[in-house]
> 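One structure follows; several queries about it will come next.
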Amino acid sequence: MIKLFSLKQQKKDGEATPKVGNQKKASAAQLRITKDINELNLPKTCNTEFPDPDDLLSFKLIICPDEGFYRGGRFVFSFKVGPNYPHEPPKVKCETPVYHPNIDLDGNVCLNILREDWKPVLTINSIVYGLQYLFLEPNPEDPLNKEAAEVLQNNRRVFEMNVLKAMRGGCVGSTFFERCLK
Amino acid sequence: MDVAVQIKDAFPKRWCHLKKVLERTGPFCHPDFEPSTDVTNHFIMTTCKILVIGAGGLGCELLKNLALMGFKDIHVIDMDTIDLSNLNRQFLFRRKDIGQSKAEVAAKFINQRIPGCNVTPHYNKIQDFDECFYRQFHIVVCGLDSIVARRWINGMLISLLTYDDDGDLEQSSIIPMVDGGTEGFKGNVRVILPGISACIECTLDLFPPQVTYPLCTIASTPRLPEHCIEYVKVIQWPKENPYEAAIDGDDPVHINWIYEKASERANQFNISGVNFRLVQGVVKNIIPAVASTNAAIAAACTTEVFKIATSCSVPLSNYMVFNDVDGLYTYTYEAEKKDDCLACGQTAKVLEIKSTEIKLQQLIDQLTESYQMKNPGVTTSINGKNRTLYLPTVSSIEEQTRENLKKNLGDLGLENGSEINVADVTSPNTLVFVLKVASESMQVE
Ligand SMILES: [Zn+2]
């Protein structure tokens, strides 16, 4: 019988870093993403596209909001899951040009769980919900597109019109947006 | 003056029974046990960190027992809220607490009632936490009513095990798990030393039969009233979403809708036996609860935690069954660790198949039936390239891989010794299987 008490005390004091098992052939990232993808539970406004079903590490998420400022739009995000997943979050970009305080014109997305608040316990599903939420509640406090954020803060009506103008395909200020209505 | 001393003064004889066990030797002591004041004062009361999973019938008893026994650093996880029907046996809750988190109310009650004890509540699912969280505990005690949750925590504790360069298990990575279960007047207690003794997965057949049916059966060839109920629950409800909400087993309107649809389906397939009670039973997965059984099982669990924490006595080895239907009966035996256990088997898990001529669908049926999986997704690696064989949950992948179900394994590039990766909700990790064709010998490097 093992005597756990003394051993345990050492362990807790030392906080030894655990070794990673080497018996697995498929990478941890691969095994984990398989699990994540198999358990994707998408809201009805979201859909995924896997250009290559063999490659679960890169795919697209399509969000078609059914309420809020962006209702009627269709927004495509690309997901790239790296070899260090889930210790590092996937890289997510918005491929559809969008007039949004938290998404810039290069498609960078400002969402806490994609950066500072990422934890290995989070999943692809958590990110999907996070992105969906961005369209329901654009957050002017934490802007990537400052102009859009300012407009949202100062005049929601004007913001709403700008969003619609952009989604229909047109210029907001000096920036041209391609049409992205469904 | 520190808190421990204050409390000692307030209740001078509070720990005298503990001291009798821990500070002197005796005929039933573990052979290596050395009586000492350190065990009580330092380990139990300061260092030892216990995780209680579940704050229901067993959980209330466990928390009370552990706290009164002197454990001071206890965490409790429970995702449920308090319901009126809990109050007859979940004695840490009062009527005013209905609707609140079980974990939070239980922790508050214990912390107020037992001086010096610090229970930290987590109003969460166990799946909300990662390895780092679970690694901080010395012992995990479970009072759960779900097999899926038990399997998950079991898999988690096994994934925390580390091995040295010789491939030997490092004992410091072991977090013992004491698992209690009750069903009416029957109960069981088991002690699991992950990687050493039989785990939950090793002994899955000891649990009452799972109420999961292969999706293909409930969708195309129902035979039992349960199949019809499951069909409505799993397929029709999400499709029609009659009340724009998830199924609530406590809502008679929901149950009635399922009952009506399941009856229609049963008639269609000439199946008898669908009734309201059965529907409720299947949907809610009802397990009757008896307070005295919970008390007995929790007491035995707490004793095991104490024995493991102090090494004062040999722990239960390793499975105790309890029955007080008629008189009182207990029996203890040693459940055996399986070498090819899905979770704790160190050798690659072997999946024996008849031949590589079988269809992928047959392989998946074999997984759902033999390992009670629910909706497995299967991938493999062929010449270093990842290959998705079938993934049921993502429609775009499902469409593109559906054809594979009809192909035989050989045509998909699988052979004797190939590894497949299987993801399913019943396990926290993707599992790796090595295919073994019954007639051929293995060729695993
Ligand atoms: Zn096992």
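Residue numbers begin at 1 in each chain, while the letters A, B, ... track the order of the sequences. Everything numeric here is computed off the predicted structure, so don't read it as measured data.
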> Roughly how far apart are B:Gln127 CD and A:Thr123 OG1, rounded to 0.5 Å?
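With rounding to 0.5 Å, CD (B:Gln127) is 11.5 Å from OG1 (A:Thr123).
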> Under 4.5 Å heavy-atom distance to chain A, tell me which part of B:Ser395 shows up: side chain, backbone, both or neither.
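For B:Ser395, the contact with chain A is made by the side chain alone.
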> So does A:Glu178 have more than 12 non-hydrogen atoms from other groups sitting under 6.0 Å from CD?
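Result for CD/A:Glu178: open.
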> Between B:Asn386, B:Asp130, B:Val378, B:Ile139, which has the largest tally of heavy atom pairs under 4.5 Å with chain A?
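Among B:Asn386, B:Asp130, B:Val378, B:Ile139, the one with the most close pairs to chain A is B:Asn386.
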> Quick one: what part of B:Pro392 sits under 4.5 Å from any heavy atom of chain A, side chain, backbone, both or neither?
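When you check distances to chain A, atoms from both the backbone and side chain of B:Pro392 fall under 4.5 Å.
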> On a heavy-atom basis, which atom in A:Glu49 and which in B:Ser396 lie closest, and how many Å separate them?
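Of all heavy-atom pairs spanning A:Glu49 and B:Ser396, the closest is CA-OG, 4.0 Å.
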> Measuring only between side-chain heavy atoms, which start at C-beta, is A:Glu39 closer than 4.5 Å to B:Val425?
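Side chain of A:Glu39 against side chain of B:Val425, heavy atoms only: contact under 4.5 Å found.
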> Please check: side-chain N/O of A:Thr34 versus main-chain N/O of B:Ala423, any donor-acceptor pairing under 3.5 Å?
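Here the side-chain-to-backbone pair does not exist.
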> Specify which of B:Ser159, B:Pro31, B:Ser427, B:Cys132 makes the most heavy-atom pairs with chain A at under 4.5 Å.
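Counting heavy-atom pairs under 4.5 Å, the top option is B:Ser427.
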> When rounded to the nearest 0.5 angstrom, what distance separates CG in B:Asn421 from CD in A:Gln30?
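Going from the CG atom of B:Asn421 to the CD atom of A:Gln30 covers 7.5 Å.
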> Can you name the nearest heavy-atom pair linking B:Val394 to A:Ile37, along with the distance?
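In terms of heavy atoms, the two residues are closest at CG2-O, 3.4 Å.
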> Does A:Phe176 CZ have over 12 foreign heavy atoms under 6.0 Å away?
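Counting neighbours around CZ of A:Phe176, more than 12 heavy atoms of other residues, nucleotides or ligands fall under 6.0 Å, so yes.
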> Which region of B:Lys49, side chain (C-beta onward) or backbone (N, CA, C, O), has a non-hydrogen atom less than 4.5 Å from a non-hydrogen atom of chain A, or is it both or neither?
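Neither; nothing under 4.5 Å.
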> Of the backbone (N, CA, C, O) and the side chain (C-beta and beyond), which part of B:Phe133 lies under 4.5 Å from a heavy atom of chain A, both, or neither?
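No part of it gets close to chain A.
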> Passes side-chain contact (heavy atoms from CB on, under 4.5 Å), A:Leu56 versus B:Leu391? Steps please.
CA-CA 11 Å; A:Leu56 301 181; B:Leu391 221 132; 4.1 Å; yes
> Is there side-chain contact between A:Thr48 and B:Ile397, with heavy atoms separated by less than 4.5 Å?
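When only atoms from C-beta onward are counted, B:Ile397 and A:Thr48 do not touch, as no gap falls below 4.5 Å.
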> With sequence neighbours excluded, tell me which residues meet side chain to side chain donor-acceptor pair (under 3.5 Å) with A:Asp55.
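Per chain and number, A:Asp55 pairs via side chain to side chain donor-acceptor pair (under 3.5 Å) with A:Ser58.
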> Using a cut-off of 6.0 Å, state whether more than 12 heavy atoms not belonging to A:Glu160 lie near its atom CD.
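Correct, the count exceeds 12.
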> Does any heavy atom of chain B fall under 4.5 Å from the side chain of A:Asn41, the backbone, both, or neither of them?
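Nothing of A:Asn41, per the 4.5 Å heavy-atom cut-off to chain B.
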> Can you name the nearest heavy-atom pair linking A:Asp52 to B:Lys385, along with the distance?
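Here A:Asp52 and B:Lys385 meet closest at OD2-NZ, 4.1 Å.
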> Report the distance from atom OG1 of B:Thr379 to atom CG of A:Asn38, rounding to the nearest 0.5 Å.
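Reported value, rounded in 0.5 Å steps: 9.5 Å.
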